[in-house]
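Notes follow the structure.
By convention in this document, chain letters (A, B, ...) are assigned in the order of the sequence lines, proteins followed by strands, and residues within each chain are numbered from 1. Bear in mind the structure is a predicted one, so any value in this text is a computation, not a measurement.
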There are 2 protein chains.
Amino acid sequence: MSLPALRKSDRTRQAILTAARDHFAMRGYDRASIRAIAAQASIDPSLVIRYFTSKEQLFAAAVDVDLRLPELSSIQKTRRGRALIEHFIARWEGELSDDVLTLLLRSAATNEQAAERLRDVFCEQVVGTLREVVPPEELNRRAGLIASQLLGLALTRYLLRLPGLAERPAGEVIDDIAPTIQRYLAGDL
Amino acid sequence: MSLPALRKSDRTRQAILTAARDHFAMRGYDRASIRAIAAQASIDPSLVIRYFTSKEQLFAAAVDVDLRLPELSSIQKTRRGRALIEHFIARWEGELSDDVLTLLLRSAATNEQAAERLRDVFCEQVVGTLREVVPPEELNRRAGLIASQLLGLALTRYLLRLPGLAERPAGEVIDDIAPTIQRYLAGDL
DNA sequence: AACTAAAGTCAACAATCGTTGACTTTTAGG
DNA sequence: CCTAAAAGTCAACGATTGTTGACTTTAGTT
């Protein structure tokens, strides 16, 4: 066999990435140490460097995120706002959830590299999703407003765990915020 | 004179605090070093510890923040949402601005102590401001929603500098978001 | 079985960090 | 002027960090 030779290294490569996402999400970029990541992946710290060259590049590899926003054009006009926030919340706490989002948001506050990455995700995926249903001249404006509410929700509910938000069932929060998103998306401004 | 003896130490104490806020706001808790703070205050690093015992306590002292939210009861009912966001934005970029807010928000994402502090500020000041104009049983719900939008705006506009928000004049952003705050404050939910 | 490249280990490096204790300088009061 | 406390300096500690190079083990091919 010639392929399985690669397989072994790919498995530990994946183990490193998983452990890295875990630590970066929990502790942030600075407090997450390569030694702790290596320990969770049950390997030597130096191997982490051999696989990813540096901590910075490991982070870059760990932070590759897809928001999986729905295609808006196939949804009824008046339901699109609700669809957006439903998907967004499912991405954080539903079956679509993983900790890459926590990792990215948490790190973006202190790490310029992560902030840059988050801006890219925003531009490509949020603006990209709106492009098909929003006139070009309003695109940036509406996308920015939507991002401010969605990321604000993620920040207060999942990172800060503000009592007024973290304790409430997801369904209630969706009901409250959906009209806001709908207005930012297609309402009068 | 018996007082001036205290004066000298109070001045360097203040210099340390100013430098600390500067560094904490720019680089976050972990990347801000006591050595760099001391250098900016033109003193020895050990003095910082002598004044504040530890980095943690220095941070706690630096992060004492007052949102200065307006008294809502003296404002016309339909204008209260706009008044809230106007004050909030003035606090970040107007003449009321200082970098304690940046420092607190940036650090709260990775530092549990800062997150705790931000929760306290939220509970005491935001909930406190709404208490006089919102029925008790809706208090937490409406306060949480408002916090999600205000902090989301601060995050995207001032920390992440998302193109759709950071580039626009403050007045436009206020116009767009005021109705949202007004609805969260007093509208049907 | 022998050989070779990949995969993994081990120990150490240089740098940075918060913190400490001994020491010196400044300042205020009798 | 003398003295004692306050204010400030200096050098070093122990710990942790990312990263490196030499070494050993594993596994696939001839």
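Nucleotide C/dA7 holds its C1' atom 13 Å from the CG atom of A/Asp10, rounded to whole Å. In this structure, the CD1 atom of B/Ile16 is 11 Å from the C1' atom of D/dA7, given to the nearest Å. Regarding A/Arg50, its CZ atom lies at a distance of 15 Å from the P atom of D/dT19, rounded to whole Å. Here C/dG8 presents its P atom at 15 Å from CD1 of A/Ile49, a figure rounded to the nearest Å. The distance from atom CZ of A/Arg31 to atom P of C/dG18 is 11 Å, rounded to the nearest whole Å. Per the geometry, CZ belonging to A/Arg13 stands 14 Å off P belonging to C/dA6, to the nearest Å. Note: CG (B/Asp44) to P (C/dA22) measures 16 Å, nearest angstrom. For the pair A/Asp30 CG and D/dG18 P, the computed distance is 9 Å after rounding to whole Å.
Here B/Phe52 lies out of heavy-atom contact (under 4.0 Å) with every strand. Within 4.0 Å (heavy atoms only), B/Ala38 reaches no atom of the nucleic acid at all. Among the atoms of the strands shown, base atoms are found under 4.0 Å from some heavy atom of B/Ser46. Using a 4.0 Å heavy-atom criterion, one finds that A/Ala32 contacts the sugar-phosphate atoms exclusively. Note on B/Leu47: a base of the nucleic acid sits closer than 4.0 angstrom, heavy atoms only.
B/Arg21 contributes no side-chain N or O that, together with a main-chain N or O of B/Val100, makes up a donor-acceptor pair within less than 3.5 Å.
When the nearest nucleotides of DNA chain D are assigned to B/Tyr51 and A/Tyr29 by heavy-atom distance, the more 5′-ward of the two goes with B/Tyr51.
For A/Thr12, a side-chain nitrogen or oxygen approaches OP1 or OP2 of C/dG8 to under 4.0 Å.
Residue A/Glu124 holds its CD atom at 10.5 Å from CG of A/Asp66, rounded to the nearest 0.5 Å. Taking CD of B/Gln113 as the start and CD of B/Glu116 as the end, the distance is 9.0 Å to the nearest 0.5 Å.
In the model, A/Tyr184 has a side-chain atom that pairs as donor or acceptor with a side-chain atom of B/Thr180 under 3.5 Å.
Under 4.0 Å is where a charged nitrogen must lie from a carboxylate oxygen, and between A/Arg157 and A/Glu93 at least one such pair does. A salt bridge does not link A/Glu112 with B/Arg161: none of the charged nitrogens is closer than 4.0 Å to a carboxylate oxygen.
Here the nucleotide nearest the side chain of A/Arg35, chosen from C/dC10, D/dG18, C/dA7, is D/dG18.
For B/Arg106 and B/Tyr158, the positive end is not near the middle of the six-membered ring at less than 6.0 Å and at most 45° from its axis.
Stem list for DNA chain C (at least 3 consecutive Watson-Crick or G-U pairs, distances under 3.5 Å): C:1-16 with D:15-30, C:18-28 with D:3-13.
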